[in-house]
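The shown structure was predicted, so the numbers you read here are calculated from the model rather than taken from an experiment. Proteins get letters first, then strands, A, B, ... in listed order; numbering begins at 1 in each.
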There are 2 protein chains.
Amino acid sequence: MIGRPPATTHAEIEVAAFDLFARRGFAGTTLEHIAQAVGVGKRTIFRYYPSKNDILWGQFDDSLARFAETLHEMPADMPVFEAVYRGIVDFNRFDGQVIDHHRERMALILRTPELQAHSAIRYQQWRRVIEEFVADRLDQNQSSVIPVTAGHVGLALALSAYESWLGSDGPSLEDELERVFEGLGQLMVLRE
Amino acid sequence: MIGRPPATTHAEIEVAAFDLFARRGFAGTTLEHIAQAVGVGKRTIFRYYPSKNDILWGQFDDSLARFAETLHEMPADMPVFEAVYRGIVDFNRFDGQVIDHHRERMALILRTPELQAHSAIRYQQWRRVIEEFVADRLDQNQSSVIPVTAGHVGLALALSAYESWLGSDGPSLEDELERVFEGLGQLMVLRE
DNA sequence: AGATTAATGGCACTCAGCGCCAAATGTCAA
DNA sequence: TTGACATTTGGCGCTGAGTGCCATTAATCT
C-alpha cells in the first residue's frame, strides 16, 4: 500500500474504547483517554469514527446489508410479517464465542442514556430495511402505512426481546424473541 | 413572592426558541441566540431547561401524568391493548387552535436528527406509563414480557401514525392511528 | 432602613467535534 | 540511492453545549 501506513484500526479503537467504557463509564471516558489508550492523537479517532457514540456500533452498516439479504432470501410464499420476524431472529443469531461480548455491548448501548439516544439514528436505518422489504413484498410505497408500521413494530419486538434478554440470564435471545412475538399475538387477540 | 422575581418563563423561552428553530434550523440556533431573543443570560436558559434538546418538549411531564390518568379511567372490562390504543388516541387529541402548533413542533422533533435522538429518552418515560398500566391490569411484573412489549408496540403505533400524519395533510392524527392499528392487525393475521 | 430570600448572569472551565495544514512515513520510479 | 508521490497523522485553534461557583440584583418582610 502506498502512502503513510495507518497507525491503528477500527477494531483496535473499539476494543480500547469498550474496555474504558466498561471500567470508567461512558461519560467518564473522554476521547483523549481513548486516544491515549490506543496511542494515537484525538484527532485521529475522529477519522475512524464520526463520533464517540458511534464507536460501539462498529460494523453495523455491514450488518444492515446482511439483514436485507436475509430478508430477501425468505421464501416468497411466507407471510410478510413472519418473514420479518424470522429475519430479525436470524439477524440476532451470534456464535457462542461472541455472544458474551455482544451482550456486554448491547447492555452498554441500551442502558447508557447518551447511547440510548444516539441509537435512534441507527434504529432508523434498521427500520428502513424492513420498510423496504415489506413495501417490495406487498407492492406498496415504502412510506405508506403498512411498511412503516412493520418497521416500527419490528423494532419494538427486537427491543423488547433485548430488554428481557439483558434482564435475566436464562433464555437465549432467540427464545426471548419468540416469547415477545407470542406476547404481541396475545395482546392483539385480547382486543377482540 | 419573596426574592428577586424571575426574568422570564418556560413559555417565553419556548416560544422564542421555537421561532428561531423554525427560521434558522435547530443546529443553526445557538443557546446564545435564544438567550438574546429572550433578553436573558445564557446561564439562565439552563436553569429553565436542562438542555437545548429539552426546550421543545415543554410540559411533557405533565402530559405523562394525564396519560396515566386517561389509561386508568378506561373501563375495567375493556381488553388491555384496546385500552392502550384508546389511551394513545386520547393522549393525542388536540384542539383545532393548537393542532397546527403541535404539528410544527412534532415535525421539528421527528425530523431533526439531534432531537430524534434525544426523544428516545422521553419515549422511555412514555413507555413506562403503558408498562405500568398493562402490568397492573394483567397483574404482572412491570418488567415482564407482556407489559414491556405493550409499551414498545404502543410507541411503534404512535410513531408510525405521526409519520403518516406529517407526511400527508389529509387525515387527522386519530384517523392515522386507526389506520396504523388496523395495519398491525393485518400484519399479524398475515402470519397465519 | 436593614435583613432576608431567591433569581440572575458573568466567568472560567471541560469536553465533543471540525477545519486547516504541516509533518511523518510509507512506496515507486529513475 | 535519491527524489517524487501518496496518504495518514496529529497538532492547533476554534465553536458550542453544558456545569460549578459566586457576587450582584431585586424583590419582600420586620
Side-chain angles (χ1 to χ4, degrees), chain A residues 1-21 23-58 108-109 112-122, chain B residues 1-21 23-58 108-109 112-122:
Chain A
M1 209 204 313
I2 202 170
R4 177 174 176 171
T8 182
T9 61
H10 285 87
E12 193 185 6
I13 294 174
E14 195 185 325
V15 169
F18 195 96
D19 179 56
L20 287 171
F21 291 161
R23 288 194 292 118
R24 324 168 57 133
F26 182 80
T29 304
T30 70
L31 280 166
E32 201 65 60
H33 292 147
I34 301 174
Q36 281 182 6
V38 179
V40 99
K42 177 186 119 182
R43 194 66 188 75
T44 297
I45 301 287
F46 279 108
R47 278 213 190 75
Y48 285 79
Y49 292 97
S51 81
K52 185 180 166 186
N53 289 325
D54 285 297
I55 298 180
L56 282 185
W57 285 87
L108 262 173
I109 289 180
T112 306
E114 300 94 315
L115 290 175
Q116 243 172 50
H118 178 74
S119 303
I121 312 290
R122 297 314 192 104
Chain B
M1 210 204 314
I2 204 171
R4 176 174 177 170
T8 182
T9 61
H10 285 86
E12 193 186 5
I13 294 174
E14 194 184 325
V15 169
F18 195 95
D19 179 57
L20 286 170
F21 291 161
R23 289 194 291 118
R24 321 168 61 134
F26 183 80
T29 304
T30 71
L31 279 166
E32 201 65 61
H33 292 146
I34 302 174
Q36 280 181 8
V38 178
V40 100
K42 177 186 118 182
R43 195 65 187 75
T44 298
I45 301 288
F46 279 108
R47 278 212 193 75
Y48 284 79
Y49 291 97
S51 82
K52 185 181 168 186
N53 289 325
D54 284 297
I55 298 180
L56 282 186
W57 285 88
L108 262 172
I109 288 180
T112 305
E114 300 95 315
L115 290 175
Q116 243 172 51
H118 179 73
S119 303
I121 312 290
R122 297 316 192 103

Checklist entry - Atom CD of A:Glu12 and atom C1' of D:dT8: how far apart are they, to the nearest Å? => result 15 Å

Checklist outcome for this item: Taking every heavy atom of A:Ile121 against every heavy atom of B:Pro113, the minimum-distance pair comes out as CD1-O, 3.7 Å

Checklist entry - For A:Tyr49, which contact category applies under a 4.0 Å heavy-atom criterion: base, sugar-phosphate, or nothing? => result nothing

Item to check | Exercise: identify the closest heavy-atom pair between B:Ala37 and B:Ala16 | outcome: CB-CB, 4.3 Å

Checklist entry - Of all heavy-atom pairs between A:Ile13 and A:Val38, which one has the smallest distance, and what is that distance? => result CA-CG2, 4.1 Å

Checklist outcome for this item: Taking every heavy atom of A:Leu56 against every heavy atom of A:Phe18, the minimum-distance pair comes out as CD2-CD1, 3.6 Å

Item to check | Approximate separation, where rounding is to 0.5 Å, of B:Leu108 CG and B:Glu114 CD | outcome: 10.5 Å

Next on the checklist: Without decimals, in angstroms, what is the distance between B:Lys52 NZ and D:dT19 C1'?
Outcome noted: 17 Å

Item to check | Under the 3.5 Å Watson-Crick or G-U criterion, the dot-bracket string of DNA chain D, with | for inter-strand pairs | outcome: ||||||||||||||||||||||||||||||

Item to check | Under 3.5 Å: donor-acceptor pair, side chain of B:His10, backbone of B:Tyr48 | outcome: yes

Next on the checklist: Across nucleotides 22-30 of chain D, 5' to 3', mark each nucleotide with B, S or - according to how protein heavy atoms within less than 4.0 Å reach it.
Outcome noted: ---BBBS--

Next on the checklist: For a 4.0 angstrom threshold against heavy atoms of chain A, report the outermost contacting nucleotides of DNA chain C in 5' to 3' order.
Outcome noted: C:dC15 to C:dT27

Next on the checklist: How long is the straight-line distance from CD of A:Gln36 back to CG of A:Leu20, given to the nearest 0.5 Å?
Outcome noted: 10.0 Å

Next on the checklist: Does the Lys NZ or Arg CZ of A:Lys52 fall within the cation-pi geometry relative to A:Phe26 - under 6.0 Å from the ring centre and within 45° of the axis?
Outcome noted: yes

Item to check | Proximity to DNA chain C (any heavy atom under 4.0 Å), residues of residues 25-32 of chain A only | outcome: A:Thr29, A:Thr30, A:Leu31

Next on the checklist: Can you measure A:Asn53 atom CG to D:dA17 atom P for me and round it to whole angstrom units?
Outcome noted: 17 Å

Checklist entry - Can you list every pair that meets side chain to side chain donor-acceptor pair (under 3.5 Å) and has a residue in residues 11-20 of chain B, with sequence neighbours left out? => result B:Thr8-B:Glu12, B:Glu14-B:Arg105, B:Asp19-B:Arg23

Checklist outcome for this item: Nearest heavy-atom contact between B:Asp54 and B:Pro50 is OD2-CG, 3.3 Å

Checklist entry - Roughly, in whole Å, what's the span from CD1 in B:Ile45 to P in D:dG16? => result 16 Å

Checklist entry - With distance as the sole test, does A:Thr30 use its side chain to make a donor-acceptor pair with the main-chain N or O of A:His33 at under 3.5 Å? => result yes

Item to check | Test item: A:Ser51 side-chain N/O and A:Asn53 main-chain N/O as donor-acceptor pair under 3.5 Å | outcome: yes

Item to check | Side chains of B:Phe21 and B:Ile34 in contact at under 4.5 Å (non-hydrogen atoms) | outcome: yes

Checklist entry - Where along residues 33-44 of chain B does a heavy atom fall under 4.0 Å from DNA chain D? => result B:Lys42, B:Arg43

